[in-house]
Amino acid sequence: MATGQNIDCTQVAIDVICEFLEVAIHSILYIRNLYPAAIFEKRRMYNASVAMSIHPQLNDYIQSCLGDLRTVLFTRALDKVVIAILDSHRKAIEKYVFEILLPESGSLRGDEFLIRTEQSFREFYLSLYTCDALLTVLPPDCTWSFQVHTSLSDLLATHGASLPWMQCERRQSHVDGALLLPLKSHSCGLFKMQLFIEQGAAGDTES
């Protein structure tokens, strides 16, 4: 990667964040068995073998979500991205929370070729796999939702109603009796990210 002054560090940060979130979303859906294993294929990312969906409609939906997320990232109105797993009653029973902060003035200093960032993303990815053994088995017929938590006033001031989102119900964004499982954090000149899981108690996941 070039290191000249013409590099837009905000654009670089958003590109690498959205690329990682795409891999993370596919991985969560695969690891937690939300779709048949047959719709995934193994690819190489971050010097690791990752499972990526080959289902066109699912991939289009994920890409659409990430495309809209870019708008929020550019405004710096983002608080966190959440992948919520919902039971058959559309109630959140497990959440993967990505807290993301972009500084006003980003920098590539010390990681001009993003080697450290990619290594950190690899560790994020591997933590998703290793934590699966600590999580309860999901009940049948679970679905998922892509949730974006924002500083709403900042977002409305810049983009109004142009984003095709709606406010989710509390039952879809709140895990009752949640147990917190911290996984990984990363801080560099481009952004800060922290990942943790909220999971309901075993009895709650079957209610």
Side-chain angles (χ1 to χ4, degrees), residues 11 13-46 48-75 77-100 102 121 124-125 127-129 131-132 135 138-150 152 155-156 158-175 183 191 193 195-199 205:
Q11 183 66 64
I14 292 172
D15 286 346
V16 298
I17 288 169
C18 287
E19 179 185 69
F20 168 71
L21 287 176
E22 180 181 13
V23 172
I25 293 169
H26 285 255
S27 299
I28 292 166
L29 301 182
Y30 174 76
I31 294 166
R32 299 304 276 151
N33 298 308
L34 292 174
Y35 294 92
I39 75 162
F40 295 89
E41 68 177 14
K42 291 300 179 71
R43 299 179 192 170
R44 199 76 181 167
M45 289 288 294
Y46 310 125
S49 177
V50 305
M52 301 291 287
S53 161
I54 56 173
H55 192 282
Q57 286 80 13
L58 175 58
N59 294 354
D60 287 347
Y61 174 70
I62 294 172
Q63 284 295 325
S64 175
C65 290
L66 293 174
D68 293 331
L69 177 64
R70 287 176 175 271
T71 300
V72 185
L73 284 166
F74 269 115
T75 65
L78 180 70
D79 292 328
K80 54 192 173 186
V81 173
V82 175
I83 306 303
I85 298 180
L86 313 176
D87 65 14
S88 58
H89 304 291
R90 301 288 294 170
K91 181 180 183 302
I93 57 174
E94 188 171 290
K95 288 168 46 179
Y96 294 76
V97 182
F98 300 82
E99 294 183 338
I100 301 169
L102 266 66
F121 282 153
F124 272 104
Y125 168 75
S127 72
L128 287 172
Y129 262 86
C131 78
D132 184 53
L135 301 175
L138 295 174
D141 302 321
C142 285
T143 56
W144 67 286
S145 69
F146 181 91
Q147 301 174 3
V148 177
H149 295 243
T150 69
L152 190 58
L155 188 60
L156 291 178
T158 53
H159 289 87
S162 62
L163 292 172
W165 293 343
M166 59 184 178
Q167 186 171 357
C168 65
E169 300 176 14
R170 185 179 185 276
R171 68 195 314 270
Q172 297 179 357
S173 61
H174 178 77
V175 178
L183 292 188
F191 63 91
M193 181 185 293
L195 169 61
F196 60 90
I197 297 174
E198 293 181 21
Q199 187 180 55
T205 61

I'd like to know if the side chain of Gln147 and the backbone of Gln172 have a donor-acceptor N/O pair within less than 3.5 Å.
yes
Just so I know, are the side chains of Ile14 and Phe191 near enough to count as touching, which here means a heavy-atom distance under 4.5 Å?
no
Hey, could you give me each pair passing salt bridge (charged side-chain N to carboxylate O under 4.0 Å, His left out) that has a residue in residues 50-59? Not counting sequence neighbours.
none
For Asn59, check side-chain hydrogen bond (donor to acceptor under 3.5 Å, both in side chains) against everything at least two apart and list the hits.
Ser53
SG/Cys65 to CD/Glu22 distance, rounded to the nearest 0.5 angstrom?
11.5 Å
Checking Ile17 against Leu69 for the side chain to side chain contact (heavy atoms under 4.5 Å, CB included) test, could you report, in this order, the C-alpha distance in whole Å, the side-chain angles of both residues, the deciding distance, and whether it holds?
CA-CA 10 Å; Ile17 288 169; Leu69 177 64; 5.5 Å; no
Is it true that, when you exclude Arg170 itself, more than 12 heavy atoms of the residues, nucleotides or ligands shown sit nearer than 6.0 Å to its CZ?
no
Can any side-chain N or O of Arg70 pair as donor or acceptor with the backbone N or O of Cys18 at less than 3.5 Å?
no
Which label fits Phe20 and Phe98: parallel for a plane angle under 30°, tilted from 30 to 60°, or perpendicular past 60°?
perpendicular
So do Val50 and His26 actually touch side chain to side chain, heavy atoms under 4.5 Å?
no
Out of curiosity, Ile85 CD1 to Leu29 CG, how far, rounded to the nearest 0.5 Å?
8.0 Å
Considering non-hydrogen atoms only, spot the tightest contact between Pro139 and Cys142 and give its length.
O-SG, 3.2 Å
May I ask you to test the Asn33-Leu138 pair for a side-chain heavy-atom distance under 4.5 Å?
no
How many angstroms lie between atom CG of Leu73 and atom CG of Leu78, to the nearest 0.5 angstrom?
5.0 Å
Residue pair Leu183 / Cys131: nearest heavy atoms and the distance that separates them:
CD2-CB, 3.7 Å
List for me each residue that meets side-chain hydrogen bond (donor to acceptor under 3.5 Å, both in side chains) alongside Ser173, sequence neighbours excluded, and say none if there are none.
none
OG of Ser27 to CZ of Phe124, rounded to nearest 0.5 Å, is 13.5 Å
Nearest-0.5 Å distance that lies between atom CG in Leu102 and atom OG1 in Thr75
10.0 Å
Are side-chain heavy atoms of Gln11 and Phe74 found at a separation under 4.5 Å?
yes
Are Phe40 and Ile54 packed together at the side-chain level, in the sense that at least one heavy-atom pair is separated by less than 4.5 angstrom?
no
Are Tyr125 and Phe121 near enough that their ring centres are under 6.0 Å apart?
no
From CD (Glu198) to CD1 (Ile93), nearest 0.5 Å
13.0 Å
Is the count of non-hydrogen atoms from other residues, nucleotides or ligands lying under 6.0 Å from Tyr30 atom OH greater than 12?
no
State whether a side-chain donor-acceptor pair under 3.5 Å links Trp144 with Tyr96.
no
Give a yes or no on whether a salt bridge exists between Glu94 and Arg32, defined as a side-chain N under 4.0 angstrom from a carboxylate O.
yes
4.5 Å side-chain heavy-atom contact, Ile31 and Leu135:
no
For residues Phe196 and Lys80, determine if any side-chain heavy atom of one lies less than 4.5 Å from a side-chain heavy atom of the other.
no
Grab the two heavy atoms, one from Ser127 and one from Leu195, that are nearest each other, plus how far apart they are.
OG-CD2, 4.3 Å
Could you walk me through whether Ser49 and Arg43 pass the side chain to side chain contact (heavy atoms under 4.5 Å, CB included) test, one step at a time?
CA-CA 6 Å; Ser49 177; Arg43 299 179 192 170; over 6 Å; no
Between Tyr61 and His55, does a side chain to side chain contact (heavy atoms under 4.5 Å, CB included) hold up when you go through it step by step?
CA-CA 10 Å; Tyr61 174 70; His55 192 282; over 6 Å; no
